[in-house]
Amino acid sequence: MLQVLPLVLGPVATNVYLIADDHTNEAAVIDPAWDGQAILAEAQSRGWRIGQIWITHAHFDHIAGAGAILANIKPPPSLALHPADLPLWQAKGGAEWFGIQIPAIPQPDILLQAGQSLRVGQYEFEVRHTPGHSRGHVIFFCAAESLAFCGDTIFAGSIGRTDLPGGDEETLIDSIHTQIFTLPDPTRLLCGHEEETSVGKERKSNPYLR
Ligand SMILES: [Zn+2]
Ligand SMILES: [Zn+2]
């Protein structure tokens with residue numbers, strides 16, 4: 001079974017997702033927001049081995065825990081990011097715009113592309129490029145489990161902010177229509193903040209997407 005453990009970490013209550021195939025104990029971290037040691041401890045207590053870190057987008061509140069995870073696992077997990085968010089990555093995710101310091105983080109070693117597939121144990125995830133909140137934002141869709149990790153694209157009843165550098169509202173709305181609303185209605189949407197929702201629910205009632 002695919003295990004999904006959400007953790008809410010950091011100064012802006014970001015959802016970190018620790019996912020694992022419980023047959024093989026292979027695990028990945030999606031958006032290590034903060035406190036890498038806490039994420040590691042959760043994995044260790046379950047016997048999960050973190051082999052990969054996947055980043056939906058490079059805002060500071062989704063990446064700040066990556067350094068501690070990479071430094072404490074031998075060999076270090078791979079680190080995957082869409083190249084259009086590399087400038088944001090170099091700028092430490094814009095932490096300084098908010099007067100926040102984050103620790104240094106190594107360069108990503110996997111550059112994600114639309115349509116690429118990623119795997120945790122037996123579970124396959126499709127990478128979909130969803131610019132608008134940031135230029136290199138991606139979501140990770142697992143068809144077999146009918147869920148998508150959608151970062152800061154869409155929220156229950158809302159959409160991601162588009163006022164930060166690289167943001168664009170028209171682009172975001174287009175990404176949601178072409179990359180998220182093309183998924184089946186029952187698909188669970190596990191967001192970067194707050195509670196989960198589904199494609200069907202947001203298609204019906206999200207006021208930003210009429
Ligand atoms: Zn963001
Ligand atoms: Zn965020």
Side-chain angles (χ1 to χ4, degrees), residues 1-82 85-86 88-95 98 100-112 116-125 127 134 136-142 145 147-152 188 190-196:
M1 207 183 147
L2 181 74
Q3 300 288 337
V4 178
L5 178 74
L7 303 166
V8 183
L9 296 176
V12 290
T14 304
N15 291 328
V16 178
Y17 297 97
L18 184 54
I19 64 172
D21 179 335
D22 62 7
H23 286 293
T24 64
N25 285 329
E26 289 163 90
V29 183
I30 301 173
D31 289 353
W34 221 260
D35 203 348
Q37 298 289 358
I39 300 168
L40 277 171
E42 293 287 349
Q44 272 156 8
S45 72
R46 290 166 175 79
W48 297 345
R49 293 182 308 274
I50 298 173
Q52 308 171 64
I53 300 174
W54 301 346
I55 307 290
T56 61
H57 68 294
H59 281 151
F60 73 94
D61 61 310
H62 295 256
I63 67 176
I69 295 175
L70 290 164
N72 284 286
I73 298 178
K74 297 279 173 283
S78 59
L79 178 59
L81 175 77
H82 191 284
D85 261 12
L86 278 173
L88 189 55
W89 185 270
Q90 315 301 0
K92 290 193 163 187
F98 299 91
I100 289 173
Q101 293 289 322
I102 67 166
I105 303 174
Q107 288 301 305
D109 54 2
I110 294 178
L111 295 180
L112 296 170
Q116 186 171 347
S117 51
L118 298 172
R119 193 170 260 284
V120 175
Q122 65 166 30
Y123 298 94
E124 195 170 320
F125 292 77
V127 175
S134 71
H137 198 298
V138 295
I139 67 168
F140 305 107
F141 169 57
C142 180
E145 295 288 299
L147 56 83
F149 297 94
C150 61
D152 289 0
R188 292 168 64 196
L190 301 176
C191 310
H193 302 272
E194 300 180 348
E195 75 269 34
E196 73 171 86

(message) Just verifying a value: how many Å separate L111 CG and L86 CG, rounded to the nearest 0.5 Å?
(response) 5.5 Å

(message) For P106 versus G67, what's the shortest heavy-atom pair and its separation?
(response) CD-CA, 4.3 Å

(request) Specify the closest pair of heavy atoms between A13 and H193, including all atoms of both residues, with the distance to one decimal. (result) O-ND1, 3.2 Å

(request) Look at the aromatic rings of F60 and W34 and report parallel, tilted or perpendicular, splitting at 30° and 60°. (result) perpendicular

Just by distance, with hydrogens left out, do [X] and [Y] show a side-chain donor and acceptor under 3.5 Å apart?
| X | Y | answer |
| --- | --- | --- |
| Q3 | D22 | yes |
| H57 | D31 | no |
| Q90 | Q107 | yes |

(message) Within the structure provided, determine whether L118 and L112 are in side-chain contact (heavy-atom separation under 4.5 Å).
(response) yes

(message) Please determine whether side chain to side chain donor-acceptor pair (under 3.5 Å) holds for the pair T14 and D61, giving the CA-CA distance in whole Å, both sets of side-chain angles, and the decisive distance to 0.1 Å.
(response) CA-CA 6 Å; T14 304; D61 61 310; 3.2 Å; yes

(request) Keeping the roles fixed (side chain from D85, backbone from L88), state whether a donor-acceptor pair exists under 3.5 Å. (result) no

(message) Which residue in the set F149, Y123, F125, W54 passes ring pair (Phe, Tyr, Trp, His ring centres under 6.0 Å) when paired with F140?
(response) W54

(message) The test is side chain to side chain donor-acceptor pair (under 3.5 Å); show your working for D152 and H62 and say whether it passes.
(response) CA-CA 10 Å; D152 289 0; H62 295 256; 3.1 Å; yes

